[in-house]
Undergrad: 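First, the structure itself, so that you have it in front of you.
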Amino acid sequence: MNAPVLAPGAAENVTSSRRSPTMRWSRTFIFTLRQDPSDAEVVSHRLMVRAGLISKLATGIYNYLPLGWRVLQKLQAIIREEMNRAGSSELVLPAVQPAELWQESARWFEYGPELLRIKDRHQRDFCFGPTHEEVITDIVRRSVTSYRQLPVSLYQIQVKFRDEIRPRFGLMRGREFLMKDAYSFHSSADDLDHTYRAMEEAYRRVFARCGLSFVEVEADTGNIGGSESHEFMVLADTGEDAVLSCSECGYGANSEKATTGALAPAPPWPLESPAAPKPVDTPEQRTVDEVASFLGIAPSHLIKTMIFETDTEFVAALIRGDLEVNEVKLKNLLGAVHLQLASEQKIEQVTGAPQGFAGPVGLSGARIVADETVMELPAAATGANRTDTHLVGVVPGRDFTPVQVADLRRARAGDPCPRCPGQLVERRGIEVGHVFKLGTKYSSKMKCNFLDHEGREHPMIMGCYGLGVGRTAAAAIEQNHDQRGIIWPLPLAPFEVLLVLLNSDQPDVVAAADRLYQELADAGVDVLYDDRSERPGVKFNDADLIGFPVRVVVGSRGLADGQVEISLRRDGVKRMVKLADTVAEIERLLEQLRIHLEA
RNA sequence: CGGGGUGUAGCGCAGCCUGGUAGCGCACCUGCCUUGGGCGCAGGGGGUCGGAGGUUCAAAUCCUCUCGCCCCGACCA
């Protein structure tokens with residue numbers, strides 16, 4: 001059970017140290033910070049910088065220092081094993097990619113400023129790859145032509161670059177970042193599904209092996225496009241994404257995607273129902289709450305009319321006053337590439353009234369779409385498209401007819417589950433993995449075709465699977481830390497064991513620690529030897545800050561009784577062990593930690 | 001992209017308002033001392049005060065421009 005957990009890099013180091021131990025703190029490049037960096041907001045960022053794992057070079061761009069790189073290497077080793085197990089082959093693609101490929105897929109035009117575009121000396125356009133669908137599709141179309149050669153599954157671990165609007169939180173949301181991305185190509189949807197399930201399983205195994213608590217949720221496919229998508233979220237209060245999950249069944253979804261069961265209907269319409277909508281003066285009453293209390297009705301009796309603009313048109317999205325529009329759902333319904341709320345001036349231009357008084361009745365300058373719950377209202381109030389005026393007694397279907405009716409609601413905690421009688425709960429999560437069924441979006445544009453058994457040509461059906469390496473390491477820290485520092489899960493720790501030498505001025509103590517280090521190295525233990533002549537407090541604090549799972553202390557006090565002290569970072573319990581039994585005891589503890597992880 | 005803030009030694013900061021020879025803590029170097037939770041004493045090195053221009057006898061300090069960085073916002077009629 002030893003071997004699979006060790007990274008190849010780590011194993012090499014251990015092997016070489018067998019001959020001449022070099023994993024001495026004094027000879028490595030580890031520098032911790034006594035003070036918190038002034039710019040770190042979240043724990044993982046703060047601790048990674050303080051512990052000397054990373055340092056910042058520019059906004060959203062970090063150096064991976066030796067200790068941090070060991071963590072990432074171990075994580076990569078786990079990812080490689082699981083990807084290989086899932087039948088994917090590793091390769092490495094260029095970071096810099098020619099514009100032509102991106103123009104073929106049209107993403108050169110669709111991608112915003114997030115795509116870092118660069119020119120070479122001949123003024124030819126390139127970009128620094130934020131992802132690699134185009135490149136991989138190009139590779140596969142050059143070589144694969146027959147259904148007999150499918151499926152194909154390829155992956156790489158690569159540095160990517162996305163020029164984020166606002167990079168923050170260290171490795172959590174950097175501009176340059178390390179990512180594992182995989183792509184698969186198929187001759188049928190069933191075959192894609194097979195690989196997709198295998199990838200989901202691989203991801204579950206990766207995160208479980210890292211000792212992380214995570215959930216898999218349904219996700220929106222976003223700009224990448226496709227039919228089915230799941231995200232893997234490490235649960236943490238500092239997570240940037242909201243996930244909704246059912247307390248009863250297994251349903252879970254990104255808040256962009258989440259649907260709800262039937263919502264409670266609005267209370268009975270409290271006013272008379274005129275044969276036609278009646279204009280009512282509502283001076284300065286703009287918000288849902290203002291208008292509702294002014295008219296003496298419930299917020300759910302109001303039809304909120306939100307004016308959006310897409311690349312091609314204006315859209316009036318109707319939603320019950322007590323609910324909110326989910327822009328992602330709206331965007332998908334419209335098939336729009338860009339969608340944003342219209343500015344105040346544009347609202348006036350479209351509706352003829354200032355913000356707060358828009359309504360669907362008689363509105364002609366915008367495409368009207370409505371949430372399902374709007375159409376269920378027997379009567380409602382809306383803006384009148386006139387300053388300080390609302391219409392009361394509007395009947396959906398009679399007084400206006402939307403072009404489309406769909407689920408446009410944002411699901412919220414407490415809403416009924418769409419699959420069972422349970423309720424949805426909301427939690428924060430860090431997106432560490434994302435799998436997509438892409439379909440033929442790229443293959444058809446880029447003519448990545450194959451011939452079926454009857455000799456007919458079809459575009460290949462694709463899947464893509466991303467896993468943020470740096471972000472997963474950061475998420476591990478968000479989930480595993482205390483006041484003193486990081487508490488690494490064993491599989492991700494830069495070293496599994498830290499051997500601490502105290503009393504470096506006493507030759508017999510040094511000799512004992514040196515000997516123990518040699519023995520541990522010989523036994524293949526992943527150990528770092530803190531041989532510095534620092535004071536004990538400094539060493540202990542560094543050990544806690546970096547978070548080595550096992551700490552072994554050799555000092556004159558214990559040595560007087562022929563003993564050393566062993567403790568686990570997780571519980572801090574100190575136990576004295578005979579010098580002669582130390583290696584065996586450490587191996588026993590490590591084994592225990594591994595078993596603990598399986599459970 | 002909008003708003004706010006900030007840039008002074010490797011790190012964390014004061015000094016700026018009210019212009020007059022650049023400071024503190026940590027880190028670093030030397031010596032002594034000390035060694036089971038960030039010792040102690042003494043001595044020492046290190047900064048064109050982000051950059052450019054301007055005002056002034058004199059600018060870290062005031063003015064203009066510029067660059068970097070940080071925070072908030074760009075989510076609801």
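Labels below follow one simple rule: chain letters A, B, ... track the order of the sequence lines, proteins then strands, and each chain is numbered from 1. As the structure is a prediction and not an experimental result, all values here were calculated from the model. Below, each value reflects all heavy atoms present in this structure, side chains not excepted, and no hydrogens, waters or symmetry copies.
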Undergrad: Should G7(B) form a Watson-Crick or G-U wobble pair with both distances under 3.5 Å, which nucleotide is its partner?
TA: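 Partner of G7(B): C67(B).
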Undergrad: With a 3.5 Å cut-off and heavy atoms only, can you find an N or O donor on one side and an acceptor on the other between the side chain of Arg34(A) and the base of G10(B)?
TA: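 Answer is no: no donor-acceptor pair is held.
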Undergrad: What nucleotide, of U35(B), A77(B), G37(B), holds the atom closest to the side chain of Asn541(A)?
TA: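 Closest of the options to the side chain of Asn541(A): G37(B).
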Undergrad: Look at the side chain of Lys574(A) and decide which nucleotide, out of C76(B), C69(B), G37(B), has an atom nearest to it.
TA: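 Of the options given, the side chain of Lys574(A) lies nearest G37(B).
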Undergrad: Tell me which nucleotide among A77(B), C70(B), U35(B) gets nearest to the side chain of Asp39(A).
TA: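 Looking only at heavy atoms from C-beta outward on Asp39(A), the closest nucleotide is C70(B).
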Undergrad: Would you measure the distance from the C1' atom in U64(B) across to the matching atom in G23(B) and give it in whole Å?
TA: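 It comes out at 29 Å once rounded to the nearest Å.
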Undergrad: Return the nucleotide paired to G2(B): Watson-Crick means purine N1 to pyrimidine N3 with N6-O4 or O6-N4, wobble means G-U with N1-O2 and O6-N3, both under 3.5 Å.
TA: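 For G2(B), the partner nucleotide comes out as C72(B), under the 3.5 Å rule.
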Undergrad: Could you please name the option among A77(B), C39(B), C72(B) that lies closest to any side-chain atom of Ile347(A)?
TA: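 Output: A77(B).
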Undergrad: Among A77(B), G38(B), G37(B), find the nucleotide with the atom closest to the side chain of Asp542(A).
TA: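 For Asp542(A), the side-chain atoms sit closest to G38(B).
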Undergrad: Go ahead and name the base partner of C62(B); Watson-Crick or wobble counts if both distances stay under 3.5 Å, otherwise write none.
TA: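 WC or wobble partner is G54(B).
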Undergrad: Asp505(A) CG to C39(B) C1': how many Å, rounded?
TA: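 The answer, rounded to whole Å, is 14 Å.
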Undergrad: Return yes if the base of G12(B) and the side-chain atoms of Asp36(A) contain a donor-acceptor N/O pair under 3.5 Å, otherwise no.
TA: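 For Asp36(A), whose side chain was compared with the base of G12(B), there is no donor-acceptor pair (under 3.5 Å).
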Undergrad: What's the gap between C39(B) and A27(B) when it is taken at their P atoms, as a whole Å value?
TA: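 Pairwise P distance, C39(B) against A27(B), rounds to 7 Å.
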Undergrad: Please work out whether the ring planes of His45(A) and Tyr62(A) are parallel, tilted or perpendicular, with thresholds of 30° and 60°.
TA: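 Answer is perpendicular, since the angle exceeds 60°.
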Undergrad: Under a 3.5 Å cut-off for both distances, is U18(B) Watson-Crick or wobble paired, and to whom?
TA: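 Its partner: none found.
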Undergrad: Please give, in whole Å, the distance from C70(B) C1' to Glu41(A) CD?
TA: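 The distance from CD of Glu41(A) to C1' of C70(B) comes to 9 Å, rounded to the nearest Å.
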Undergrad: Can you check the distance between G50(B) and A60(B), where both ends of the measurement are the C1' atom (answer in whole Å)?
TA: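 G50(B) and A60(B) have their C1' atoms separated by 12 Å.
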Undergrad: How about Asp531(A) and Ser26(A): does a side-chain donor come under 3.5 Å of a side-chain acceptor?
TA: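 Judged by distance alone, the side chains do pair up.
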Undergrad: When you measure from the side chain of Lys304(A), which nucleotide among G12(B), A77(B), C39(B) comes out closest?
TA: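 When the side chain of Lys304(A) is considered, A77(B) is the closest of G12(B), A77(B), C39(B).
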Undergrad: Let's test your reading of the model: under 3.5 Å, does the base of C72(B) pair with the side chain of Arg168(A) as donor and acceptor?
TA: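 In this structure, the two groups form no donor-acceptor pair.
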Undergrad: Run Glu372(A) and Arg409(A) through salt bridge (charged side-chain N to carboxylate O under 4.0 Å, His left out) and show every step you take.
TA: CA-CA 9 Å; Glu372(A) 297 153 344; Arg409(A) 305 179 291 282; 3.2 Å; yes
Undergrad: Mind checking the P distance from G20(B) to A59(B)? Whole angstroms is fine.
TA: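 Here G20(B) and A59(B) have their P atoms 11 Å from each other.
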Undergrad: Is there a donor and acceptor pair, one atom on the side chain of Arg551(A) and one on the base of G37(B), closer than 3.5 Å?
TA: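 Present.
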Undergrad: Please give, in whole Å, the distance from C76(B) P to Asn326(A) CG?
TA: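 Between P of C76(B) and CG of Asn326(A): 14 Å.
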Undergrad: Between Glu176(A) and Lys160(A), does at least one N-O distance fall below 4.0 Å, as a salt bridge requires?
TA: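 Salt bridge absent between Glu176(A) and Lys160(A).
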Undergrad: When both hydrogen-bonding distances must be under 3.5 Å and the geometry is Watson-Crick or G-U wobble, what is U35(B) paired with, if anything?
TA: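 In the structure as shown, U35(B) has no Watson-Crick or wobble partner.
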Undergrad: A77(B) C1' sits how many Å from Glu348(A) CD, rounded?
TA: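 Result: 12 Å.
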Undergrad: If every non-hydrogen atom of Glu478(A) is compared with every non-hydrogen atom of Ala236(A), which pair is closest and at what distance?
TA: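 Glu478(A) and Ala236(A) have their closest heavy atoms at CB-CB, 4.1 Å.
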Undergrad: Provide the Watson-Crick or G-U wobble partner of C28(B), both distances under 3.5 Å; none if there is no partner.
TA: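 Partner of C28(B): G44(B).
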Undergrad: In plain terms, say whether Asp407(A) and Lys329(A) are close enough for a salt bridge, that is, a side-chain N and a carboxylate O under 4.0 Å apart.
TA: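 The answer is yes: the pair qualifies as a salt bridge.
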Undergrad: Among A77(B), C70(B), G38(B), which is the nearest nucleotide to the side chain of Arg50(A)?
TA: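 Nucleotide nearest to Arg50(A)'s side chain: G38(B).
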Undergrad: Using the P atom as the reference point in each nucleotide, state the distance between U61(B) and A22(B) in Å, no decimals.
TA: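 The answer is 13 Å between these two P atoms.
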Undergrad: Any idea which of G12(B), C76(B), C39(B) is nearest the Val325(A) side chain?
TA: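 Ranking G12(B), C76(B), C39(B) by closest atom to the Val325(A) side chain puts C76(B) first.
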Undergrad: To the nearest angstrom, how far is Leu501(A) atom CG from G37(B) atom P?
TA: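 In whole Å, G37(B) P lies 15 Å from Leu501(A) CG.
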